[in-house]
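Numbers for residues simply follow the sequence, beginning at 1. The structure displayed is predicted, hence computed values, not measured ones. Values below: every heavy atom of this structure, side chains too, minus hydrogens, waters and symmetry copies.
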Amino acid sequence: MNRVVDVKNLWLRYGDGDWVLKNISFSVDTEKTVLIIGRSGCGKTSFARALTGVAQSIFGAEVKGEIWLCGKRLEEMGLREIQSCVQMVNQDPYTHFLEPIPIDDLVSYAETVYGESALEHVYRVAQAVGVKDLLERPITSLSGGQLKRLSIAKALITNPSVLILDEPLMWLDDVDGTEVVLNTIRAARSAGKTVIVFEHRFKHLLDLADEIYIMRRDSLEKLGKELFRDLNTDGSAQPTHSEYRYGGSSPASRCDVVLELRDVWHRYDDSKWVLRGVSMEICRGDTIVVYGANGSGKSTLLRILAGVVKPVKGVVKRYADVVYVPQIPHLFITEDSIAEEINSICRHKKIGGNCIEYGTNIVKSFGYADLGATPLNLSWGQVTRLSTVLAYIASKNGVILLDEPFTGSTYFEAHQIIEALQKLESSAKIVTLSSKDYIPLIRGGKIYKIEDGVLKPFSYSENGIQNLVDLAKRIYGYE
């Protein structure tokens with residue numbers, strides 16, 4: 001076997017800050033699939049960026065140590081050599097596109113490699129990844145999960161020897177999205193490629209990984225597969241306790257309605273209806289999950305509930321203050337430090353009592369000890385959780401809307417978020433999810449599925465995720 005990636009004594013930091021990575025050594029042979037897990041903020045994305053050279057060339061990181069790709073030192077390789085050796089799919093798929101229409105973006109990129117035959121190569125890859133139906137649609141009309149699939153297609157255009165996937169399952173649904181990633185990995189393995197996956201939702205990848213590592217700032221430690229032997233491929237352990245929950249309305253006599261939708265319809269331009277006749281009452285204290293595939297209308301529903309988007313038809317009534325955290329958490333952040341975020345919430349929401357002290361204690365309880373830290377310098381998972389925690393502080397007696405709040409979080413971190421949300425007994429909580437992975441942790445929730453624009457109650461069975469929470473707590477070393 002030949003080493004296709006070889007890292008020796010890697011150190012990395014941004015500006016004059018602390019070292020994000022300290023003395024990391026790592027190697028991968030050809031045709032291997034490697035899964036790397038770790039707590040959010042431990043440096044996984046920075047490590048992936050360093051392997052492709054963008055940490056140095058785009059993010060201005062200081063890097064020490066050696067990185068060898070396809071038998072050559074990284075600093076001796078030109079851009080085309082790097083692109084033919086290794087390609088990375090970022091956490092945030094929006095970063096992959098420069099043109100407003102996917103087909104234009106992909107063809108422009110392919111022309112730099114294939115010239116006049118670019119369109120042929122784009123269609124070949126799009127067919128393999130199952131995104132041909134998305135190529136002509138404006139990026140602004142696509143869900144995050146649909147863009148994620150398109151970004152995978154773009155990464156495969158150069159036919160790289162090494163494919164790096166950073167949180168590839170983020171925002172992807174159970175129906176097509178997750179299977180697209182798994183099939184992409186299987187196809188890459190069959191074609192003799194090396195695949196390196198950084199992922200928190202590792203249960204889906206256990207059967208495909210030849211090696212599993214846990215990453216910390218100062219080490220990359222190989223884990224024995226025996227740690228995971230009690231988990232089935234769906235993440236459960238036998239025996240599995242079956243429990244069914246479903247969506248429904250609270251009894252009218254006990255329901256203090258805070259949000260109401262009556263026969264809401266919505267579409268963008270003259271396209272098909274995204275929402276069709278959606279009606280629901282949301283009561284104070286409700287915990288509601290809206291589950292559905294990519295592009296099913298989940299984000300549109302939250303935007304309408306928040307008042308960001310007006311429905312084409314129907315009525316929306318709000319009887320309480322609404323706090324909305326979109327799928328891209330950076331859109332929620334407005335200040336230069338965590339402390340200023342807390343101050344801003346307390347000032348604008350006019351929350352009584354000692355709001356700043358209350359907010360500070362809540363934020364610190366989630367591990368954000370440095371209140372002077374700039375939120376936008378945090379990892380994706382850290383920013384997502386911070387936005388959720390800030391919304392928690394701001395949502396007293398109101399409504400909190402969370403679009404995919406568990407992205408970038410470990411199973412245990414997702415568990416912490418859910419436990420906190422369920423303490424908001426006087427607020428309504430509405431969470432959208434593309435995957436059923438975390439639904440079993442939401443005890444007493446009302447579960448709905450949105451499909452073809454229609455919202456309906458949804459039943460599901462317990463899948464043993466508590467075993468994953470316990471395993472994550474143990475291997476990541478949470479207190």
To the nearest 0.5 angstrom, please state how far the [atom1] atom of [X] sits from the [atom2] atom of [Y].
| X | Y | atom1 | atom2 | value |
| --- | --- | --- | --- | --- |
| Leu169 | Thr407 | CG | OG1 | 12.0 Å |
| Leu165 | Gln91 | CG | CD | 12.0 Å |
| Ile185 | Leu205 | CD1 | CG | 5.0 Å |

Is there a donor in the side chain of Asn90 and an acceptor in the side chain of Asp166, or the other way round, less than 3.5 Å apart?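 There is no such pair between these side chains.
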Would you sort out whether Asp218 and Trp11 count as a side chain to side chain contact (heavy atoms under 4.5 Å, CB included), showing the intermediate values? CA-CA 9 Å; Asp218 57 355; Trp11 292 67; over 6 Å; no
Assess whether atom CG of Asp133 is packed by more than 12 heavy atoms of other residues, nucleotides or ligands within 6.0 Å.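 Correct, the count exceeds 12.
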Taking atom NZ as the centre, does Lys456 end up with more than 12 heavy-atom neighbours from other residues, nucleotides or ligands that are less than 6.0 angstrom away?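 12 or below, so no.
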So does Ala209 get a backbone contact from the side chain of Lys225, meaning a donor-acceptor N/O pair under 3.5 Å? yes
Using only atom types and a distance under 3.5 Å, with no angle test, would you say the side chain of Asp210 pairs donor to acceptor with the backbone of Thr33?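 Indeed, once roles are kept as given, a pair shorter than 3.5 Å links the two residues.
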Angle between ring planes, [X] versus [Y], binned at 30° and 60°: parallel, tilted or perpendicular?
| X | Y | answer |
| --- | --- | --- |
| Phe228 | Phe202 | perpendicular |
| Tyr411 | Tyr438 | tilted |
| Tyr268 | His266 | perpendicular |

Stacked cation flag Lys154 on Phe97, 6.0 angstrom / 45 deg: yes
Close side-chain approach of Leu401 to Val322, heavy-atom, < 4.5 Å: yes
Heavy-atom side-chain contact between Asp370 and Ile338 under 4.5 Å: no
Less than 4.0 Å between a side-chain N and a carboxylate O, is that true for Lys193 and Glu31?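 Salt bridge absent between Glu31 and Lys193.
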Salt-bridge present (Lys473, Glu413; N to O < 4.0 Å):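 So Lys473 does not pair with Glu413 through a salt bridge.
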Only one of Phe406, Phe198, Trp171 passes ring pair (Phe, Tyr, Trp, His ring centres under 6.0 Å) with Trp380; say which it is.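 For Trp380, the ring pair (Phe, Tyr, Trp, His ring centres under 6.0 Å) test succeeds with only one of Phe406, Phe198, Trp171, which is Trp171.
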Ring pair (Phe, Tyr, Trp, His ring centres under 6.0 Å) between Tyr291 and Phe458, worked out: CA-CA 8 Å; Tyr291 163 71; Phe458 178 63; 5.2 Å; yes
If you take the centroid of each ring, where Trp contributes its six-membered ring, are Tyr478 and Phe412 closer together than 6.0 Å?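 Between Phe412 and Tyr478, the centre distance is under 6.0 Å.
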Is the gap between the ring centers of Phe47 and Phe26 under 6.0 Å?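 Yes, the ring of Phe47 comes within the 6.0 Å limit of the ring of Phe26, centre to centre.
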Candidates Pro100, Pro93, Pro102 - the one meeting side-chain contact (heavy atoms from CB on, under 4.5 Å) with Ile139: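 The passing option is Pro102.
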Which one of Arg201, Lys148, His200, Lys44 satisfies the side chain to side chain donor-acceptor pair (under 3.5 Å) criterion with Glu167?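 Exactly one pass, corresponding to His200.
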Only counting residues at least two apart or in another chain, list the ones meeting side-chain contact (heavy atoms from CB on, under 4.5 Å) with Ala55. Leu12, Arg49, Ala50, Ala61
